[in-house]
Asks: 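Dropping the structure in here first, questions after.
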Number of protein chains: 2
Amino acid sequence: MTVTIYDVAKEAKVSMATVSRVLNGNPNVKPETRKRVQEVIDRLNYRPNAVARGLASKRTTTVGVIIPDISSLYYSALVRGLDDVAEMYQYQTIITNTDFNPEAERDALFNFMSKQVDGIIYLGGILNEDTLKDIENTSIPVVLCGTSEHDDKFASVNIDVEAAMDTVIQDFIDKGHKKCAFVKGYYSEQLMYHFERGIRRSFERNNLEFKDEWVIDGFSKYDEAPEIYKILKEKDLDIVISMNDAIAIGIIHAAQEDGKNVPEDMEVLSCANTRLVHMSRPTLSSVRTPLYDIGAVGMRLLTKYMKGEAVSHPDVILPHYIDYRGSTKK
Amino acid sequence: MTVTIYDVAKEAKVSMATVSRVLNGNPNVKPETRKRVQEVIDRLNYRPNAVARGLASKRTTTVGVIIPDISSLYYSALVRGLDDVAEMYQYQTIITNTDFNPEAERDALFNFMSKQVDGIIYLGGILNEDTLKDIENTSIPVVLCGTSEHDDKFASVNIDVEAAMDTVIQDFIDKGHKKCAFVKGYYSEQLMYHFERGIRRSFERNNLEFKDEWVIDGFSKYDEAPEIYKILKEKDLDIVISMNDAIAIGIIHAAQEDGKNVPEDMEVLSCANTRLVHMSRPTLSSVRTPLYDIGAVGMRLLTKYMKGEAVSHPDVILPHYIDYRGSTKK
DNA sequence: ATTCTCAATGAAATCCTTTTCATTACTAAT
DNA sequence: ATTAGTAATGAAAAGGATTTCATTGAGAAT
C-alpha cells in the first residue's frame, strides 16, 4: 500500500540507513548512490512518515501554541507572525484556545507534552505553579510572547508596556489633565497589571493621585461599551485608556450617541493595535504594539532553542510607538 | 528518564498489553487489576507518548486545517468554530496559512499526509487536479468549509450564497434600483464566483442586464477602499455589494469623506459577517453567514468520517439571513 | 608490500505504543 | 466429573523511521 523506506531501500539496492542518509542530507553518501536513491524516491513517490520519524529521532518539527482566543484580532495577528516564521523553519504549529482558563491551559500543555512538541509558545494567561514545574521538568523550550511576564524561567518577547503607559500619561498630564480612566480588557492579568502600573507610576511621579475607582474591569466586548460609557460619565472621566480597541471604539460610539464629540469632549486611546484603529471615525489613537513582529521574533527565538543554539538575549523588548490619531487632541 | 508503558507494566506487575488496555478503556481488564495499574500510572505520573501511539495505532488525533489567513476575522471565526468542536472530540488541529497560493496549499497537504493527520479541513482556494488526486489516494477524509465548492468528492458545509445574493438583489430591484457594484475580496475564486452568479441570476430573472464592468476585483484591504470608491463614482454606482466587510466600511468612509451620506446617497451591503458590521457608523448591512457554526459543523462532520461513521448528508447547507442595518435604506 | 585513514555502507538496535494471537484460569453447562 | 465457553492476561510482532556501531574498500603514507 503505502511506500516505506524499506521499499525504497530494496528498490535502490541499498540499506535503509543509506536512504535515511539521503533523506536527511547526510554528506556521507557517494554522489552516484545519492542520485540513484533520489530517483527511486521520486519514482515511487515516497514521502517519509513523520510519526515514525518523530518516534525514532525524538523531534517532531511541531510546536504547541497556547492562546486565549484565535478569533481575536489581537491574538490572531500574533499567531500569523508565529506561523510565518515557523513555516520558514519547517515547523508546524498546534494551536489551543484556552479563554484564559487555567485548567484548559494545563490540559493543553499536557497534550503538547504527550505529542512530543519540540517547543511551546505561550500567549496565555496565568500558569499556575504546578503546571510551571511540569514544564520545566520536560525541558521543552518555552517562549512567552506579549504576556509581559518578566520571568527568569522562560524567554520572552514584549514591548515595554510600562514605559508606553508612562509616555501616554505624561502627555495627558502635560496637556493639563489630572485624571483618566483605565479600561481593562480580555487579556492576561499580568499584562493588565503592567499597563496599570505604568499609569500609576506616571501619576505618582507627577505627584498626582490615581484613584482605584478609575480602573474599570470586567468587560470584554464591543457591545458592552455603552455600560462602560455610563460609568465613565458618572465618574466624570473624559480621558480614557482602553486596553482593547474594539471596546475603545464602542466607547467612542456611545459618547457620540450621547451627543458628545470625540476628541473634543472625550479623549480615547487604545493599547491594542489591531487593524481596527484605522476603521473608526475618528480614527483611534493607540499604542502601536508590533503584534506580528512579537510573534515572529518569539518563534525565531524558539527555533534557536529547539536547535540547541545559544541565545544571548532571552528577553527581547521590541520598540513601541504612540500613534496619536483622531481620538485624542493634539 | 521519561516514564514509559514498560515502566508502568513492571511496577504494576502486569504486561504492557494490560497497561495499554487500561489506558484505552478496554473492558477486558479485571477491575482490581485496572485499579492497581491506574494507581501506578498516577504515582509515576505516566503520560503516554502520542507519537508512539500514533505509529502503532495509525491514528494521530490530529487534523490539518488549510486556511488562507488566520489573521482575517472571517477565517479566524471559522477556525474558532472548528477548534472548539475538535477540542470536544479530543482532536488537535494543525493550521497552515496559504494566502491562496496553490503551491503552499499543496505543500501543506503533503505535510499533513506526512504527519499522518486523521482528517483535513479545507477552507482554502483552489485545489489543482494533481493535488486533488493525491488526497483521494490517501483516503484521508476531507471536509470543505465555506468554500462553496459543490463537489461530489468531498463533504462540505456552506450557506447557499447564490440564494442569499438573489434575495439581496431582488430587494434592491424591488426598491427600484437597476444596477449595483460587486466588489470582490480576498476569498476563494469559487466563493466569489457563486456570489457573482447569484447576483447575475437575479438580474436576469428581472430582465435586467448586469454589466461586467460592475464587478470590481483586485482589492483586499481596508486601505484600498478610497480607490474603489473612485471607481464607483466614475461608474455612478450607488448600490455596493462588498464581499469583505472591512472594505465595505472603507467605502462608506470614503463616501463620507467625499461629502456623501450613507445610506441616502449610497447603499452598502457586505457579504461577510464578522464583528465589524456592528462597529461602523452607520452599522453595516450584511449577509449573516454563520461563520463559527460552519466551522463547528464542518469539524463535527469530519469527526464522523474519522470514526468511520456513516454520514447521511455530506453536503450541509446552513441557513443564512440578511441583516439590514444602517448602511442600506429601508 | 604493509599499515593506516577515511569515506561509504549495512546490520541491527532503538524509539514506545498497539494489536494479534495464544494461553491460562475460571465459571457454567451437561 | 468433564467439557465448553468466556474473561483476563501475556508474549511477541508490528508500525516506519533514525542512529550506533561494525565492516568494507580504496587511496595515502611509510
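In what follows, chains are A, B, ... by sequence order, proteins preceding strands, each numbered from 1. Only a predicted model underlies this, so the values are computations on that prediction, with no experimental measurement involved.
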Asks: Would you mind listing every salt bridge (charged side-chain N to carboxylate O under 4.0 Å, His left out) that reaches into residues 65-84 of chain A, with sequence neighbours excluded?
Replies: A:Asp69-B:Arg80, A:Arg80-A:Asp84, A:Arg80-B:Asp69, A:Arg80-B:Asp99
Asks: Which nucleotide sits closest to the side chain of A:Asn24: C:dA8, D:dA8, D:dT18?
Replies: D:dT18
Asks: From CD of A:Gln116 over to C1' of D:dT18, roughly how many Å is that when rounded to an integer?
Replies: 15 Å
Asks: Select one nucleotide: of D:dG16, D:dT9, D:dT19, the one nearest the side-chain heavy atoms of A:Thr4.
Replies: D:dG16
Asks: Would you say A:Leu291 and A:Leu73 make side-chain contact, with heavy atoms under 4.5 Å?
Replies: no
Asks: For the side chain of A:Ile5, starting at C-beta, report the closest nucleotide among C:dT18, D:dA17, D:dG10.
Replies: D:dA17
Asks: Does any part of the side chain of B:Thr62, heavy atoms only, come nearer than 4.5 Å to the side chain of A:Lys115, both counted from C-beta?
Replies: yes
Asks: I want to verify a distance call: between D:dG16, D:dA8, D:dT19, whose nearest atom is closest to the B:Thr33 side chain?
Replies: D:dA8
Asks: Considering only heavy atoms from C-beta outward, does the side chain of B:Glu87 approach that of A:Thr96 to under 4.5 Å?
Replies: yes
Asks: What I'd like to find out is whether the side chain of A:Tyr75 reaches to under 4.5 Å of the side chain of A:Asn97, using heavy atoms alone.
Replies: no
Asks: Rounding to an integer number of Å, can you tell me how far B:Lys10 NZ sits from D:dT9 P?
Replies: 21 Å
Asks: Separation of A:Lys35 atom NZ from C:dA8 atom P, in whole Å?
Replies: 17 Å
Asks: Report the end-to-end axis angle of the helix from C:dA1-D:dT30 to C:dT30-D:dA1; each axis comes from five terminal pairs, and the value is rounded to 10°.
Replies: 50°
Asks: I need the CG-C1' distance between B:Asn26 and C:dT17, as an integer number of Å.
Replies: 15 Å
Asks: If you check every side-chain atom of B:Leu23, which of C:dG10, D:dG16, C:dT18 has the closest atom?
Replies: C:dT18
Asks: Using the 3.5 Å cut-off, write out each protein N or O paired with an N or O of nucleotides 21-28 of chain C and the distance between them.
Replies:
none

Asks: Taking only N and O in the side chain of A:Ser15, is any of them less than 4.0 Å away from OP1 or OP2 of C:dG10?
Replies: yes
Asks: Would one find more than 12 heavy atoms of other residues, nucleotides or ligands at under 6.0 Å from atom CZ of A:Phe110?
Replies: yes
Asks: OP1, OP2 of D:dT9 versus side-chain N and O of B:Thr18: anything below 4.0 Å?
Replies: no
Asks: Could you state the atom-to-atom distance from NZ of A:Lys58 to C1' of C:dA13 in whole Å?
Replies: 14 Å
Asks: What is the distance from CD of A:Glu32 to P of C:dA7, rounded to the nearest Å?
Replies: 17 Å
Asks: With A:Arg300, which residues qualify under salt bridge (Lys or Arg N to Asp or Glu O under 4.0 Å), at least two apart?
Replies: none
Asks: Under 4.0 Å from any atom of DNA chain D, heavy atoms only: list the residues of residues 39-55 of chain B that qualify, in numerical order.
Replies: B:Ala52, B:Leu55
Asks: Please tell me if A:Ser20 has a side-chain N or O lying less than 4.0 Å from either OP1 or OP2 of D:dT18.
Replies: yes
Asks: Report the distance from atom CZ of B:Arg59 to atom C1' of C:dT18, rounded to the nearest whole Å.
Replies: 9 Å
Asks: Using the salt bridge (Lys or Arg N to Asp or Glu O under 4.0 Å) criterion, which residues pair with B:Asp107? Sequence neighbours excluded.
Replies: none
Asks: What do you reckon, is NZ of A:Lys13 surrounded by more than 12 foreign heavy atoms closer than 6.0 Å?
Replies: no
Asks: Counting the atoms with a prime plus P, OP1 and OP2 as sugar-phosphate, which does A:Val19 contact under 4.0 Å by heavy atoms, base, sugar-phosphate, or nothing?
Replies: nothing
Asks: Of the options C:dT18, D:dA11, D:dA17, whose atoms approach the side-chain atoms of A:Met16 most closely?
Replies: D:dA17
Asks: Under 4.5 Å between any side-chain heavy atoms of B:Arg53 and B:Leu23, yes or no?
Replies: yes
Asks: Please determine whether the number of non-hydrogen atoms from other residues, nucleotides or ligands lying under 6.0 Å from atom CD of A:Gln90 exceeds 12.
Replies: no
Asks: Could you state the atom-to-atom distance from CZ of B:Arg34 to P of D:dA8 in whole Å?
Replies: 9 Å
Asks: For the side chain of A:Asn28, starting at C-beta, report the closest nucleotide among D:dG10, C:dT9, D:dT9.
Replies: C:dT9
Asks: So A:Pro314 and A:Leu301, do their side chains get closer than 4.5 Å, heavy atoms only?
Replies: no
Asks: Taking side chain as C-beta onward, heavy atoms only, is B:Glu105 less than 4.5 Å from B:Thr98?
Replies: yes
Asks: Of all the nucleotides listed (C:dT19, D:dT9, C:dC15), which has the minimum atom distance to the side chain of B:Val29?
Replies: D:dT9
